[in-house]
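Everything below concerns the one structure shown next.
Just so it is clear: chains get the letters A, B, ... in the order the sequence lines come, proteins before strands, and each one is counted from 1. Quick caveat, the model's predicted, so the values are computed rather than measured.
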Amino acid sequence: MPKPRQAGSQSGQRTLSFRASSLSQEAHARTRPEGMFSGRVWTMGNDMLHSASFPAAPVYPFASSFDKGLPMTVISRFAPSPTGFLHIGGARTALFNWLFSRHHGGQFLLRIEDTDRQRSTEAAKAAILDGLKWLELDWDGDVVFQSARQARHAEVALRMLDDGTAYRCFCTPLELEAMREQARAVGKPPRYDGRWRDRTDWPNAPHAIRLKAPQSGETQVRDLVQGEVRVGNEQLDDMVLLRADGTPTYMLSVVVDDHDMAISHVIRGDDHLTNTFRQVQIYKAMDWAVPAFAHIPLIHGSDGAKLSKRHGALGVEAYRELGYLPEAVRNYLLRLGWSHGDEEIISTTQAVAWFDLGHVGRSPARFDFQKLDNVNGHYLKQADNARLAELVAPFLAEALGRPVSAVGRERLERGMGGLKERAKTLKELTENALFYAKDRPLLYDEKARGQLGAQGRGALEAYAGRIAAALPAGAQWLQGRLEEEARAEAERNGLKLGQLAQPLRAALTGRTTSPPIFEVLEVLGREESLSRIRDALALDG
RNA sequence: GACUCCAUCGUCUAGCCCGGCCUAGGACGUCACCCUUUCAAGGUGAAGACACGGGUUCGAAUCCCGUUGGAGUCGCCA
């Protein structure tokens with residue numbers, strides 16, 4: 001596993017130069033620091049989460065070498081908060097960001113917004129990283145932990161205070177609550193009234209810092225997906241930037257981090273669209289370049305309501321456990337909200353070449369497992385047999401209660417051709433592959449048992465005798481020949497092939513559905529096949 | 001409630017920005033048939049949508065307005 005780069009050690013001495021120049025040279029901040037992020041960081045395990053943290057000092061390596069004057073490149077980011085697993089909507093957001101930056105040959109950064117210490121958990125961080133890794137969405141550079149940058153956020157708030165674009169607010173939570181209560185009573189939207197906007201009679205008490213937002217005019221956002229969106233400034237109140245305890249709010253943190261990370265395109269969920277107005281006001285207040293925004297619609301549950309746990313919102317790891325292939329999930333997610341004409345099956349390479357924000361739809365989509373199943377089935381058929389055998393082994397081991405034996409493993413791989421053809425998920429594949437991994441004697445299900453009545457056994461016995469004689473031990477045991485013998489035997493007895501094939505299937509697999517039965521015969525080999533038939537012939541009834 | 005966004009088959013969508021080529025195309029799902037040693041897959045076909053109402057225009061799925069419906073945001077959460 002590649003070792004994470006130690007961000008702090010290298011960038012520590014750049015602190016001053018970054019700070020001194022960041023405000024005046026922000027226009028160059030989007031340039032790409034040459035050669036710094038060629039490596040990929042796959043993060044696994046919790047120890048890594050800490051080692052990638054940044055020092056408390058307001059340092060950011062991405063913005064520190066902008067004086068190179070390189071041309072602007074696309075830098076996108078995925079910024080989940082680790083309060084739960086990486087759900088499917090987040091996964092799609094990550095995918096779109098990843099695709100966009102790869103398409104433009106830019107960078108895709110990962111920032112964990114763990115400022116809410118209360119709700120953030122190490123397990124959730126690991127789940128997010130693991131989820132991205134499973135989806136094969138690799139990010140550039142080190143993971144940024146927002147919590148490590150609080151000092152820088154506070155610094156910006158203080159700077160705004162100096163600039164007069166922010167002010168101290170001494171309202172108590174109680175007072176604010178009363179304010180909202182009163183507004184509600186009059187039927188007005190609950191908003192802060194700006195009572196401390198211009199006061200300077202500051203008591204010696206804890207206080208928050210609020211943005212001195214414009215009170216007239218309008219704020220507009222040029223969104224690459226939604227188009228131009230605008231709102232009257234009187235709709236927006238003076239939001240808190242820094243809490244009374246000195247910690248930054250989300251609104252401040254995102255803006256500062258996106259700026260410092262030189263993010264050129266903010267691609268995120270629709271639910272952030274109205275927040276964007278307030279964020280834009282911060283950019284303006286700091287006189288920073290506003291990044292391009294693209295708000296992609298949310299994914300809804302199959303009932304059309306917002307995707308929640310109740311509606312089956314699952315973490316990406318759940319999709320792995322359900323037996324979906326990462327490339328299938330990517331393809332499915334891509335088509336959920338993005339299109340390229342009538343194309344449905346789109347390889348990742350093709351997706352990188354084609355992806356654009358212009359073809360992202362504006363309306364929310366519902367998650368549909370049936371379609372995912374179909375797409376997954378497609379990729380299953382395409383997947384390499386050895387890889388599938390590898391992937392299905394743990395599923396099989398769980399069903400078996402023991403690891404898959406070497407013989408089982410070998411049969412699995414040789415029989416994969418017929419197996420993968422008839423499965424939509426690895427789970428289903430497991431179900432169908434069980435008979436290859438099981439030891440004799442097999443358990444027969446009810447229908448199989450039905451095929452092994454006196455008549456079926458009679459046909460079986462004759463066939464078994466025939467192939468045992470025609471293909472002695474050591475002779476080639478191939479499906480073509482095995483089928484020829486079956487056809488001849490059936491014809492000799494005036495039977496339809498099915499009257500022989502079905503009992504054979506029952507004997508060999510314990511079920512009435514399976515891959516092509518002569519293929520099964522070949523994969524199982526002479527001794528095992530004959531033994532399984534003998535087991536079946538010993539049945540009563 | 002206020003603000004913002006959205007609105008084509010059951011679902012994902014093409015078409016919309018740059019009105020006519022749209023008697024609205026594809027995919028999933030559904031149904032039928034074909035193929036067939038089972039189950040799948042595959043093939044062929046069918047049913048299935050421009051939310052509604054007004055404009056503008058020779059002409060509107062495409063432009064404008066309204067209605068309805070859905071979603072999101074309104075915290076010293078992120």
Between [atom2] on [N] and [atom1] on [X], what's the gap in Å once rounded to a whole number?
X         : N       : atom1 : atom2 : result
Asn432(A) : rU38(B) : CG    : C1'   : 12 Å
Trp196(A) : rC76(B) : CH2   : P     : 17 Å
Asp270(A) : rA71(B) : CG    : C1'   : 8 Å
Glu519(A) : rC39(B) : CD    : P     : 17 Å
Gln235(A) : rG72(B) : CD    : C1'   : 15 Å
Glu177(A) : rG75(B) : CD    : C1'   : 10 Å
Gln279(A) : rA78(B) : CD    : C1'   : 11 Å
Glu431(A) : rA40(B) : CD    : P     : 15 Å

Heavy atoms under 4.0 Å, any strand shown: does [X] hit a base, just sugar-phosphate, or nothing?
X         : answer
Asn275(A) : base
Thr274(A) : base
Glu421(A) : base
Arg191(A) : nothing
Pro515(A) : base
Pro297(A) : nothing
Leu372(A) : nothing
Leu273(A) : sugar-phosphate
Arg511(A) : nothing

Using Watson-Crick or G-U wobble geometry with both distances below 3.5 Å, tell me the partner of [N], or none.
N       : value
rG59(B) : none
rU4(B)  : rA71(B)
rU37(B) : none
rC18(B) : none
rG10(B) : rC28(B)
rG66(B) : rC52(B)

Provide the distance between the two [atom1] atoms, one in [N] and one in [M], to the nearest whole Å.
N       : M       : atom1 : answer
rA60(B) : rC18(B) : C1'   : 14 Å
rA2(B)  : rC64(B) : P     : 24 Å
rA51(B) : rA32(B) : P     : 31 Å
rU56(B) : rC50(B) : P     : 24 Å
rG55(B) : rC9(B)  : C1'   : 28 Å
rG25(B) : rG48(B) : P     : 12 Å
rG43(B) : rG26(B) : P     : 14 Å
rG1(B)  : rU67(B) : P     : 14 Å

Under 4.5 Å between any side-chain heavy atoms of [X] and [Y], yes or no?
X         : Y         : answer
Asp257(A) : Gln146(A) : yes
Val254(A) : Arg111(A) : yes
Tyr250(A) : Ser81(A)  : no

Next on the checklist: Please compare Arg422(A) and Pro248(A) by the position of their nearest nucleotide in RNA chain B and report the one closer to 5'.
Outcome noted: Arg422(A)

Item to check | Along RNA chain B (nearest heavy atom to each residue), the more 5'-positioned of Gly498(A) and Cys171(A) | outcome: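 Upstream on the strand: Gly498(A).
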
Checklist entry - Within 45° of the ring axis of Tyr332(A) and under 6.0 Å from its six-membered ring centre, is that where the NZ or CZ of Arg330(A) lies? => result no

Which nucleotide wins on minimum distance to the side chain of [X], given the candidates [options]?
X         : options                   : result
Lys381(A) : rU37(B), rU73(B), rA41(B) : rA41(B)
Ala244(A) : rC76(B), rU73(B), rC28(B) : rC76(B)
Ala501(A) : rU37(B), rG1(B), rA78(B)  : rU37(B)
Tyr250(A) : rC76(B), rA78(B), rG29(B) : rA78(B)
Gln370(A) : rU37(B), rA78(B), rG29(B) : rG29(B)
Thr115(A) : rU38(B), rC28(B), rA78(B) : rA78(B)

Checklist outcome for this item: 5' to 3', nucleotides 11-20 of chain B under a 4.0 Å protein heavy-atom cut-off (B base, S sugar-phosphate only, - none) gives SBSS------

At less than 4.0 Å, is any side-chain N or O atom of [X] found next to OP1 or OP2 of [N]? Yes or no.
X         : N       : answer
Arg487(A) : rU37(B) : yes
Lys424(A) : rA41(B) : yes
Arg268(A) : rA78(B) : no

Checklist entry - In terms of the angle between their ring planes, are Tyr319(A) and Phe369(A) parallel, tilted or perpendicular, with boundaries placed at 30° and 60°? => result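 Rings of Tyr319(A) and Phe369(A): parallel, under 30°.
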
Checklist entry - Using the ring of each side chain (for Trp, its six-membered ring), is Tyr283(A) parallel, tilted or perpendicular to Phe293(A), with breaks at 30° and 60°? => result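 Judged by the thresholds at 30° and 60°, the geometry between Tyr283(A) and Phe293(A) is perpendicular.
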
Checklist entry - Does Lys424(A) offer a backbone N or O that forms a donor-acceptor pair with the side chain of Asp373(A) under 3.5 Å? => result no

Next on the checklist: Run Glu155(A) and Arg152(A) through salt bridge (charged side-chain N to carboxylate O under 4.0 Å, His left out) and show every step you take.
Outcome noted: CA-CA 5 Å; Glu155(A) 182 204 58; Arg152(A) 153 106 262 233; 3.0 Å; yes

Checklist entry - Where do His359(A) and Trp338(A) land on the ring pair (Phe, Tyr, Trp, His ring centres under 6.0 Å) test, with the steps shown first? => result CA-CA 6 Å; His359(A) 286 87; Trp338(A) 180 84; 7.1 Å; no

Checklist outcome for this item: side chain to side chain contact (heavy atoms under 4.5 Å, CB included) with Trp139(A): of Leu109(A), Leu132(A), Val144(A), only one passes, and it is Leu132(A)

Item to check | Side-chain donor-acceptor pair present, Thr425(A), Asn376(A), cut-off under 3.5 Å | outcome: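 Per modelled atom types, Thr425(A) and Asn376(A) side chains form no pair under 3.5 Å.
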
